[in-house]
**Student:** 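Sharing a structure here in structure tokens format.
In what follows, residues are counted from 1 in the order of the sequence shown. Note that ligands are numbered from 1 as they come in the structure, with each ligand's atoms numbered from 1 the same way. Values below: every heavy atom of this structure, side chains too, minus hydrogens, waters and symmetry copies.
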Amino acid sequence: MDDVIVIGGSFAGLAAALQLGRTRRKVVVLDTGLPRNRYAAHAHGLFGHDNRSPGEILDLARAQLALYPNVRTLKARAVRASGSIDNFVVVTEGGEALPARRLLLSYGRTDHFPDVPGFAECWGKSVVSCPYCHGYEVAGKHWGLLYHSPVSVHVPPLYNHWTDRITLFTDGHDLPRDERQTLEQRGVVVVDGPIASLAHTSGELAAVVMADGRSVAIDTLFAHPRSTPSSNLHEALGVTMAASSVGEVIKTDENHQTSLPGVYAAGDVANPMSSLTVATHAGAMAAIQAQQSLIV
Ligand SMILES: Cc1cc2nc3c(=O)[nH]c(=O)nc-3n(C[C@H](O)[C@H](O)[C@H](O)COP(=O)(O)OP(=O)(O)OC[C@H]3O[C@@H](n4cnc5c(N)ncnc54)[C@H](O)[C@@H]3O)c2cc1C
């Protein structure tokens, strides 16, 4: 029996596996190879890896992990998980049943793109969600912000650290008059009406095309598509979920422990703050907690 099965072998999962490997625990990492930031050519803000491609960072991590004979990495989808502390079983899509004493859930989130032609093609290139990740490269340019919730009207002051050319697309939502005035006083242009499509060349945005035919040229669009956990294994395990600004996340305590003893969670699936630094930190810390819980 393995000590820990890590489900999702990307930033959080591989950081976890590294810590577990170094404590000489027997570990299996299951991964389907679809990290959330795979659409972006470069990842930013991760100490020591700034401006590298996500795939390059993960390849490096996998190569370093391969030196630990007690860590196995399998390209496989986990489709079922059951059991209780010291006696879990994870079943892969290929039908293999893997027993383990602890589980670490790090299968991330999946973004669901709006039904706007051009959105998917631009995602990760010129349509992005995080100014900390992608703002520096487009500082001073014309940014669009796609309304997604009442929080959207409070975002432009943050964006002003990078640019003073901001257009908010309400996409058919009503803005309260006082908030509209505050935005306009800050120099934010508000464009009303539903969006029809994004005009682009190979994912590089040219303009937002409105349903009424207007075309608004911008350089980068900040958007926050709906996202959900990339697997529903937490439902089968019955762990408690928590509401967050990005939808439901797996609820964990300060030790990254879920409501089910022996099951830990880390990364985007458990934290609304989507960041490589946060995910790798959480993966490493969850692994240390899982490892310490195995000491008799
Ligand atoms: C377009 C884009 C660009 C970004 N750029 C940056 C950036 O520059 N800097 C930054 O700090 N953050 C960035 N982020 C955020 C960052 O990508 C995430 O915070 C990070 O990937 C979360 O890591 P994770 O390990 O939790 O999840 P993920 O990286 O999403 O990995 C989850 C892994 O689990 C696997 N998986 C899913 N289901 C199963 C299953 N059932 N069985 C086995 N494996 C499974 C997936 O294939 C995937 O490999 C970006 C996000 C996006 C969307």
**Student:** Minimum distance, heavy atoms only, to atom 44 (N) of ligand 1: which one of Leu14, Val29, Thr32, Asn232 is it?
**Tutor:** Thr32
**Student:** Which atoms of ligand 1 sit under 4.0 Å from any heavy atom of Ala43?
**Tutor:** 8 (O)
**Student:** For the pair Phe119 and Phe113, name the ring-plane relationship: parallel under 30°, tilted 30 to 60°, perpendicular over 60°.
**Tutor:** tilted
**Student:** At a 4.0 Å threshold, what atoms of ligand 1 neighbour a non-hydrogen atom of Asp111?
**Tutor:** 53 (C)
**Student:** Is a donor from one side chain sitting under 3.5 angstrom from an acceptor on the other, for Asn87 and Arg101?
**Tutor:** no
**Student:** I want to confirm something. Looking only at heavy atoms, which of Val127, Asp31, Thr280 is nearest to atom 49 (O) of ligand 1?
**Tutor:** Asp31
**Student:** Linking directly or through intermediates, with side-chain heavy atoms under 4.5 Å: list the remaining ILVMFWY members grouped with Met273, chain and number order.
**Tutor:** Val278
**Student:** Near Arg214 CZ, under 6.0 Å, is it more than 12 heavy atoms from other residues, nucleotides or ligands?
**Tutor:** yes
**Student:** So if I count the atoms of ligand 1 from 1 in the order they appear, which ones are less than 4.0 Å from some heavy atom of Gly267?
**Tutor:** 26 (O)
**Student:** May I ask you to identify, for Trp123, whether its side chain, its backbone, both or neither come under 4.0 Å of ligand 1 on a heavy-atom basis?
**Tutor:** side chain
**Student:** Going by distance alone, is a donor N or O of one side chain under 3.5 Å from an acceptor N or O of the other, for His42 and Ser53?
**Tutor:** no
**Student:** Any chance the side chains of Ser126 and His200 put a donor and an acceptor closer than 3.5 Å?
**Tutor:** no
**Student:** Report, in ascending order of atom number, the atoms of ligand 1 lying under 4.0 Å from any heavy atom of Gly33.
**Tutor:** 47 (O), 49 (O)
**Student:** Return a table of donor-acceptor pairs under 3.5 angstrom between the side chains of residues 147-154 and protein atoms on other chains or two or more places apart.
**Tutor:**
from: His148; atom 1: NE2; to: His224; atom 2: ND1; distance (Å): 3.4
from: Ser149; atom 1: OG; to: Val151; atom 2: N; distance (Å): 3.2
from: Ser152; atom 1: OG; to: His148; atom 2: N; distance (Å): 3.0
from: Ser152; atom 1: OG; to: Ser149; atom 2: N; distance (Å): 3.3
from: Ser152; atom 1: OG; to: Ser149; atom 2: O; distance (Å): 3.0

**Student:** Answer with side chain, backbone, both or neither: which part of Val128 has a heavy atom less than 4.0 angstrom from an atom of ligand 1?
**Tutor:** neither
**Student:** Of the backbone atoms (N, CA, C, O) and the side-chain heavy atoms from C-beta on, which set of Ala279 has a member under 4.0 Å from an atom of ligand 1: side chain, backbone, both, or neither?
**Tutor:** side chain
**Student:** If you count the atoms of ligand 1 from 1 in the order shown, which ones are under 4.0 Å from a heavy atom of Ala12?
**Tutor:** 25 (O), 26 (O)
**Student:** I'd like to know if the side chain of His44 and the backbone of Cys133 have a donor-acceptor N/O pair within less than 3.5 Å.
**Tutor:** yes
**Student:** Determine, using heavy atoms of Leu30 and all atoms of ligand 1, whether some pair is separated by less than 4.0 Å.
**Tutor:** yes
**Student:** Between Ala76 and ligand 1, which part of the residue brings a heavy atom under 4.0 Å of the ligand: side chain, backbone, both or neither?
**Tutor:** backbone
**Student:** Looking at Arg102 and Asp3, is any side-chain nitrogen of the basic one under 4.0 Å from a carboxylate oxygen of the acidic one?
**Tutor:** no
**Student:** What part of Ser129, side chain, backbone, both or neither, has a heavy atom within less than 4.0 angstrom of ligand 1?
**Tutor:** neither
**Student:** Look at atom CG of Asp253 and say whether more than 12 heavy atoms of other residues, nucleotides or ligands are closer to it than 6.0 Å.
**Tutor:** yes
**Student:** For ligand 1, is there an atom lying under 4.0 Å from some heavy atom of His134?
**Tutor:** yes
**Student:** Under 4.0 Å from any heavy atom of Ser10, which atoms of ligand 1 are there?
**Tutor:** 25 (O), 28 (P), 29 (O), 31 (O), 32 (C), 33 (C), 49 (O)
**Student:** For Leu34, counting its heavy atoms only, list the atoms of ligand 1 lying under 4.0 Å from any of them.
**Tutor:** 46 (C), 47 (O), 48 (C), 49 (O)
**Student:** Identify which of Ser231, Cys133, Gly8 has a heavy atom lying nearest to atom 7 (C) of ligand 1.
**Tutor:** Cys133
**Student:** Taking 4.0 Å as the limit for heavy-atom contacts, which would you say applies to Val79 with ligand 1: side chain only, backbone only, both, or neither?
**Tutor:** neither
**Student:** Does a side-chain N-to-carboxylate-O contact under 4.0 Å join Lys75 and Asp31?
**Tutor:** no
**Student:** Which ligand 1 atoms are under 4.0 Å away from a heavy-atom of Gly124?
**Tutor:** 1 (C)
